[in-house]
Amino acid sequence: MADPILKVTDVCAGYGGVPVLHGISLEVCEGELVAIVGANGAGKTTTMRTIAGLMRPTRGSVEFYEEDVTGLPAHVMVKKGLTYVPEGRRLFQKLSVRENLELGAFTERNRDVIEERLARVYDLFPILKERSDQKAETMSGGEQQMLAIARGLMSAPKLILLDELSLGLQPSLVERVLRAVTEIRRFNVTVLMVEQRVLEALEIADRGYVIQSGRVVMSGPSGQLLNSEEVKRAYLGI
Ligand SMILES: Nc1ncnc2c1ncn2[C@@H]1O[C@H](COP(=O)(O)OP(=O)(O)OP(=O)(O)O)[C@@H](O)[C@H]1O
Ligand SMILES: [Mg+2]
(Lines give C-alpha, C1' and ligand atoms only; values in the text may rest on other atoms or scores of the structure.)
(Ligands and ions follow the chains in the order given, each with its own letter.)
Protein backbone atom coordinates (compact mmCIF):
# COMPACT_ATOMS: atom_id res chain seq x y z
CA MET A 1 0.00 0.00 0.00
CA ALA A 2 1.21 3.53 -0.77
CA ASP A 3 1.85 6.00 2.03
CA PRO A 4 -1.40 7.09 3.64
CA ILE A 5 -2.52 10.69 3.13
CA LEU A 6 -4.85 10.39 6.12
CA LYS A 7 -3.78 8.58 9.23
CA VAL A 8 -6.12 8.38 12.20
CA THR A 9 -4.50 6.85 15.24
CA ASP A 10 -6.27 5.67 18.38
CA VAL A 11 -8.84 8.47 18.33
CA CYS A 12 -11.22 8.81 21.25
CA ALA A 13 -14.02 11.39 21.26
CA GLY A 14 -17.41 11.96 22.77
CA TYR A 15 -20.12 14.41 23.66
CA GLY A 16 -20.22 16.23 26.97
CA GLY A 17 -17.89 13.77 28.64
CA VAL A 18 -19.76 10.74 27.31
CA PRO A 19 -17.27 8.72 25.28
CA VAL A 20 -18.42 7.55 21.85
CA LEU A 21 -15.21 6.65 20.03
CA HIS A 22 -12.93 4.24 21.87
CA GLY A 23 -9.67 4.31 19.94
CA ILE A 24 -10.40 4.46 16.22
CA SER A 25 -7.46 3.91 13.87
CA LEU A 26 -7.70 4.01 10.11
CA GLU A 27 -5.75 5.03 7.03
CA VAL A 28 -6.60 6.29 3.57
CA CYS A 29 -4.13 6.33 0.68
CA GLU A 30 -4.02 8.68 -2.27
CA GLY A 31 -6.62 7.80 -4.89
CA GLU A 32 -8.47 5.30 -2.75
CA LEU A 33 -12.20 5.06 -2.11
CA VAL A 34 -12.59 3.86 1.45
CA ALA A 35 -15.89 3.13 3.17
CA ILE A 36 -16.66 3.21 6.87
CA VAL A 37 -19.70 1.07 7.50
CA GLY A 38 -21.68 0.18 10.57
CA ALA A 39 -25.07 0.33 12.22
CA ASN A 40 -26.95 3.38 13.55
CA GLY A 41 -25.12 5.03 16.39
CA ALA A 42 -21.87 3.13 15.79
CA GLY A 43 -19.88 6.36 15.72
CA LYS A 44 -19.43 6.86 11.98
CA THR A 45 -20.45 10.52 11.91
CA THR A 46 -18.48 11.22 15.07
CA THR A 47 -15.41 9.75 13.39
CA MET A 48 -15.91 11.96 10.33
CA ARG A 49 -16.51 15.06 12.43
CA THR A 50 -13.35 14.43 14.39
CA ILE A 51 -11.29 14.03 11.21
CA ALA A 52 -12.87 17.13 9.64
CA GLY A 53 -12.04 19.33 12.63
CA LEU A 54 -15.60 19.80 13.87
CA MET A 55 -14.79 17.97 17.09
CA ARG A 56 -11.67 17.63 19.14
CA PRO A 57 -10.54 14.14 20.03
CA THR A 58 -9.92 13.51 23.72
CA ARG A 59 -7.09 11.19 22.76
CA GLY A 60 -5.25 10.08 19.65
CA SER A 61 -4.16 11.92 16.53
CA VAL A 62 -5.14 12.80 12.99
CA GLU A 63 -2.41 13.24 10.38
CA PHE A 64 -3.04 14.62 6.90
CA TYR A 65 -0.18 14.46 4.40
CA GLU A 66 2.13 13.63 7.30
CA GLU A 67 1.18 16.77 9.19
CA ASP A 68 -0.36 16.52 12.63
CA VAL A 69 -3.74 18.25 12.19
CA THR A 70 -5.36 16.97 15.38
CA GLY A 71 -7.92 19.49 16.63
CA LEU A 72 -7.44 22.03 13.83
CA PRO A 73 -10.75 23.74 12.99
CA ALA A 74 -12.76 22.69 9.95
CA HIS A 75 -12.14 25.83 7.86
CA VAL A 76 -8.40 25.30 8.22
CA MET A 77 -8.82 21.69 7.15
CA VAL A 78 -10.71 22.82 4.05
CA LYS A 79 -7.76 25.07 3.16
CA LYS A 80 -5.45 22.11 3.60
CA GLY A 81 -7.54 20.09 1.15
CA LEU A 82 -9.90 18.10 3.37
CA THR A 83 -13.62 18.80 2.93
CA TYR A 84 -16.51 17.19 4.78
CA VAL A 85 -19.95 16.77 3.20
CA PRO A 86 -22.17 16.32 6.26
CA GLU A 87 -25.00 13.93 6.81
CA GLY A 88 -28.35 15.48 5.85
CA ARG A 89 -26.84 17.68 3.12
CA ARG A 90 -27.14 21.06 4.92
CA LEU A 91 -27.66 23.08 1.75
CA PHE A 92 -28.71 26.70 1.74
CA GLN A 93 -32.26 25.94 0.72
CA LYS A 94 -33.25 29.46 -0.28
CA LEU A 95 -30.18 30.03 -2.42
CA SER A 96 -29.83 28.85 -5.99
CA VAL A 97 -27.87 25.82 -7.06
CA ARG A 98 -25.15 28.06 -8.42
CA GLU A 99 -24.96 30.14 -5.25
CA ASN A 100 -24.65 26.99 -3.17
CA LEU A 101 -21.81 25.83 -5.40
CA GLU A 102 -20.00 29.15 -5.22
CA LEU A 103 -20.16 29.07 -1.43
CA GLY A 104 -18.34 25.75 -1.59
CA ALA A 105 -15.40 27.61 -3.10
CA PHE A 106 -15.14 30.04 -0.19
CA THR A 107 -11.40 29.54 0.15
CA GLU A 108 -10.81 30.71 -3.43
CA ARG A 109 -10.84 34.37 -4.50
CA ASN A 110 -9.82 34.03 -8.12
CA ARG A 111 -12.95 34.27 -10.29
CA ASP A 112 -11.42 32.30 -13.18
CA VAL A 113 -10.54 29.43 -10.89
CA ILE A 114 -14.08 29.38 -9.49
CA GLU A 115 -15.57 29.36 -13.01
CA GLU A 116 -13.27 26.52 -13.98
CA ARG A 117 -14.38 24.48 -10.99
CA LEU A 118 -18.03 25.24 -11.76
CA ALA A 119 -17.54 23.97 -15.29
CA ARG A 120 -16.05 20.74 -13.96
CA VAL A 121 -18.85 20.01 -11.49
CA TYR A 122 -21.44 20.88 -14.16
CA ASP A 123 -19.71 18.43 -16.45
CA LEU A 124 -19.90 15.80 -13.72
CA PHE A 125 -23.55 16.51 -12.85
CA PRO A 126 -25.22 18.08 -15.90
CA ILE A 127 -28.52 18.36 -14.01
CA LEU A 128 -26.94 21.02 -11.78
CA LYS A 129 -26.12 23.12 -14.81
CA GLU A 130 -29.66 22.81 -16.11
CA ARG A 131 -31.00 23.86 -12.72
CA SER A 132 -28.32 26.37 -11.81
CA ASP A 133 -30.77 29.22 -11.15
CA GLN A 134 -33.27 27.08 -9.28
CA LYS A 135 -33.49 27.27 -5.49
CA ALA A 136 -31.88 24.30 -3.77
CA GLU A 137 -35.13 23.52 -1.93
CA THR A 138 -36.90 22.83 -5.22
CA MET A 139 -34.47 20.08 -6.20
CA SER A 140 -35.34 16.42 -5.57
CA GLY A 141 -33.63 14.51 -2.77
CA GLY A 142 -31.19 12.84 -5.13
CA GLU A 143 -30.42 16.11 -6.91
CA GLN A 144 -29.81 17.83 -3.59
CA GLN A 145 -27.38 15.10 -2.63
CA MET A 146 -25.50 15.61 -5.91
CA LEU A 147 -25.47 19.32 -5.18
CA ALA A 148 -24.02 18.64 -1.74
CA ILE A 149 -21.24 16.52 -3.25
CA ALA A 150 -20.60 19.12 -5.95
CA ARG A 151 -20.46 21.90 -3.36
CA GLY A 152 -17.83 19.87 -1.50
CA LEU A 153 -15.84 19.47 -4.71
CA MET A 154 -15.91 23.24 -5.29
CA SER A 155 -13.25 23.64 -2.60
CA ALA A 156 -11.00 21.43 -4.76
CA PRO A 157 -10.28 18.96 -1.97
CA LYS A 158 -7.57 16.34 -2.06
CA LEU A 159 -9.69 14.23 0.27
CA ILE A 160 -13.46 14.45 0.46
CA LEU A 161 -15.42 12.95 3.36
CA LEU A 162 -18.95 11.93 2.41
CA ASP A 163 -21.35 11.16 5.24
CA GLU A 164 -24.33 8.91 4.59
CA LEU A 165 -25.19 10.03 1.09
CA SER A 166 -27.98 7.49 0.83
CA LEU A 167 -29.90 8.86 3.82
CA GLY A 168 -33.57 9.32 3.03
CA LEU A 169 -33.23 8.44 -0.64
CA GLN A 170 -35.32 5.88 -2.44
CA PRO A 171 -33.37 2.81 -3.67
CA SER A 172 -33.09 3.90 -7.32
CA LEU A 173 -31.59 7.22 -6.25
CA VAL A 174 -29.17 5.56 -3.84
CA GLU A 175 -27.66 3.75 -6.77
CA ARG A 176 -27.44 6.94 -8.80
CA VAL A 177 -25.80 8.93 -6.03
CA LEU A 178 -23.30 6.17 -5.28
CA ARG A 179 -22.48 5.98 -8.99
CA ALA A 180 -21.77 9.68 -8.77
CA VAL A 181 -19.24 8.91 -6.02
CA THR A 182 -17.32 6.61 -8.32
CA GLU A 183 -17.36 9.35 -10.94
CA ILE A 184 -15.81 11.98 -8.69
CA ARG A 185 -12.63 9.95 -8.80
CA ARG A 186 -12.14 11.56 -12.20
CA PHE A 187 -11.30 14.68 -10.20
CA ASN A 188 -8.33 12.89 -8.68
CA VAL A 189 -10.04 13.17 -5.35
CA THR A 190 -9.54 10.58 -2.65
CA VAL A 191 -12.79 9.55 -0.97
CA LEU A 192 -13.62 8.48 2.56
CA MET A 193 -17.30 7.72 2.83
CA VAL A 194 -19.63 6.60 5.58
CA GLU A 195 -22.60 4.40 4.83
CA GLN A 196 -25.24 2.40 6.61
CA ARG A 197 -25.89 0.71 3.28
CA VAL A 198 -23.10 -1.77 3.82
CA LEU A 199 -23.54 -3.80 0.65
CA GLU A 200 -23.85 -0.84 -1.72
CA ALA A 201 -20.92 0.98 -0.13
CA LEU A 202 -18.56 -1.99 -0.19
CA GLU A 203 -19.49 -2.69 -3.78
CA ILE A 204 -17.97 0.61 -4.88
CA ALA A 205 -15.18 0.98 -2.29
CA ASP A 206 -11.63 -0.36 -2.50
CA ARG A 207 -11.41 -1.01 1.21
CA GLY A 208 -13.66 -0.79 4.20
CA TYR A 209 -13.71 -0.40 7.95
CA VAL A 210 -16.53 -1.83 10.00
CA ILE A 211 -17.27 0.24 13.09
CA GLN A 212 -19.24 -1.06 16.03
CA SER A 213 -19.81 0.84 19.28
CA GLY A 214 -16.99 3.27 18.58
CA ARG A 215 -14.43 0.65 17.64
CA VAL A 216 -13.09 -0.74 14.37
CA VAL A 217 -14.07 -4.40 14.51
CA MET A 218 -12.98 -5.39 11.03
CA SER A 219 -11.16 -3.90 8.06
CA GLY A 220 -9.81 -4.98 4.72
CA PRO A 221 -10.38 -4.99 0.99
CA SER A 222 -14.09 -4.64 0.20
CA GLY A 223 -14.33 -8.03 -1.49
CA GLN A 224 -12.90 -9.70 1.57
CA LEU A 225 -15.38 -7.92 3.87
CA LEU A 226 -18.32 -8.76 1.61
CA ASN A 227 -17.35 -12.43 1.75
CA SER A 228 -16.82 -12.53 5.48
CA GLU A 229 -19.39 -14.54 7.41
CA GLU A 230 -19.53 -11.92 10.14
CA VAL A 231 -20.33 -9.09 7.76
CA LYS A 232 -22.85 -11.23 5.92
CA ARG A 233 -24.60 -12.16 9.14
CA ALA A 234 -24.48 -8.81 10.90
CA TYR A 235 -25.03 -6.39 8.04
CA LEU A 236 -26.19 -8.10 4.91
CA GLY A 237 -28.85 -10.35 6.40
CA ILE A 238 -27.52 -13.48 4.70
N1 LIG B 1 -24.50 15.93 19.45
C2 LIG B 1 -24.54 14.82 20.20
N3 LIG B 1 -24.71 14.87 21.53
C4 LIG B 1 -24.73 13.74 22.27
N5 LIG B 1 -24.58 12.50 21.78
C6 LIG B 1 -24.42 12.39 20.46
C7 LIG B 1 -24.38 13.54 19.59
N8 LIG B 1 -24.21 13.10 18.33
C9 LIG B 1 -24.13 11.75 18.40
N10 LIG B 1 -24.24 11.32 19.67
C11 LIG B 1 -24.19 9.91 20.13
O12 LIG B 1 -22.97 9.35 19.71
C13 LIG B 1 -23.18 8.01 19.26
C14 LIG B 1 -22.60 7.87 17.86
O15 LIG B 1 -23.33 8.74 16.99
P16 LIG B 1 -22.92 8.94 15.47
O17 LIG B 1 -23.77 10.03 14.97
O18 LIG B 1 -21.46 9.10 15.37
O19 LIG B 1 -23.35 7.55 14.85
P20 LIG B 1 -23.47 7.09 13.34
O21 LIG B 1 -22.69 5.82 13.23
O22 LIG B 1 -23.12 8.18 12.42
O23 LIG B 1 -25.02 6.73 13.25
P24 LIG B 1 -26.05 6.92 12.02
O25 LIG B 1 -25.82 5.75 11.12
O26 LIG B 1 -27.38 6.82 12.69
O27 LIG B 1 -25.79 8.22 11.38
C28 LIG B 1 -24.67 7.74 19.37
O29 LIG B 1 -24.89 7.01 20.55
C30 LIG B 1 -25.28 9.12 19.45
O31 LIG B 1 -26.44 9.11 20.22
MG1 LIG C 1 -24.16 9.25 11.01
Side-chain angles (χ1 to χ4, degrees), residues 6 8-28 33-62 69-71 73-74 77 82-91 141-142 144-149 151-152 157 159-171 173-175 177-178 180-181 191-205 207-220 222 225-226 228 230-237:
L6 177 75
V8 175
T9 310
D10 198 25
V11 158
C12 296
Y15 300 93
V18 181
V20 168
L21 303 183
H22 305 277
I24 296 273
S25 296
L26 59 90
E27 292 180 356
V28 180
L33 198 176
V34 175
I36 297 177
V37 297
N40 282 129
K44 303 182 299 296
T45 295
T46 307
T47 301
M48 294 292 241
R49 289 173 54 85
T50 308
I51 295 169
L54 292 162
M55 279 177 70
R56 256 177 180 284
T58 50
R59 205 178 82 191
S61 66
V62 179
V69 295
T70 316
M77 291 309 296
L82 188 152
T83 295
Y84 174 52
V85 177
E87 198 176 53
R89 308 192 269 272
R90 313 270 166 79
L91 296 168
Q144 290 197 24
Q145 198 53 274
M146 289 181 202
L147 176 55
I149 298 171
R151 186 179 59 180
L159 173 65
I160 193 163
L161 309 185
L162 303 172
D163 195 345
E164 212 82 66
L165 295 176
S166 68
L167 198 73
L169 297 184
Q170 63 190 65
L173 281 176
V174 170
E175 202 178 299
V177 168
L178 292 181
V181 172
V191 181
L192 177 62
M193 67 188 286
V194 152
E195 265 299 329
Q196 263 183 61
R197 302 266 194 158
V198 176
L199 176 63
E200 289 87 342
L202 291 178
E203 272 175 345
I204 65 165
R207 287 192 301 117
Y209 290 86
V210 181
I211 294 191
Q212 218 175 321
S213 308
R215 289 183 175 87
V216 174
V217 292
M218 240 184 299
S219 64
S222 297
L225 291 177
L226 282 170
S228 105
E230 277 162 283
V231 171
K232 281 187 189 166
R233 206 176 326 110
Y235 300 101
L236 305 179

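This one's a predicted model, so the numbers in the text were calculated from it and none came from an experiment. Indexing begins at 1, ligand by ligand and atom by atom, following the structure's order.
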* side chain to side chain contact (heavy atoms under 4.5 Å, CB included), paired with V191, selected from L159, L33, V28 ->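 So the option named by the test is L33.
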* Asked: With no hydrogens and no angle check, is any side-chain donor or acceptor of K44 less than 3.5 Å from a backbone partner on G38?
  ->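 Yes, the answer is positive, given that a donor and an acceptor are paired below the 3.5 Å cut-off.
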* Would you say T70's side chain and V62's backbone share a donor-acceptor pair under 3.5 angstrom? ->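 A pair under 3.5 Å: yes.
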* **Metal proximity, N40 vs the Mg ion (ligand 2), N/O/S cut-off 2.8 Å** =>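 So N40 does not count as coordinating the Mg ion (ligand 2).
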* Please find out if the Mg ion (ligand 2) and some N, O or S atom of D163 are separated by less than 2.8 Å. =>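 Within the cut-off used here (under 2.8 Å), D163 places no N, O or S atom near the Mg ion (ligand 2).
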* Enumerate the protein residues lying less than 4.0 Å from ligand 1, judged by heavy-atom distances, in chain and residue-number order. =>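 Contacts of ligand 1 under 4.0 Å: Y15, V20, A39, N40, G41, A42, G43, K44, T45, T46, E87, E164, Q196.
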* Does the pair E164 and T45 meet the rule for a side-chain hydrogen bond (donor to acceptor under 3.5 Å, both in side chains), with working shown? -> CA-CA 8 Å; E164 212 82 66; T45 295; 5.3 Å; no
* Asked: Who pairs with L173 by side chain to side chain contact (heavy atoms under 4.5 Å, CB included), at least two apart in sequence or on another chain?
  ->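 Expected list: L169, Q170, R176.
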* Salt bridge check: are R59 and D10 linked by an N-O gap of less than 4.0 Å? ->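 Yes, this pair counts.
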* When you look at CD of E175, are more than 12 heavy atoms from neighbouring residues, nucleotides or ligands closer to it than 6.0 Å? ->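 No - once you tally the heavy atoms of other residues, nucleotides and ligands closer than 6.0 Å, there are 12 at most.
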* the Mg ion (ligand 2) - name of the N/O/S atom of E87 that sits closest to it ->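 This turns out to be OE2.
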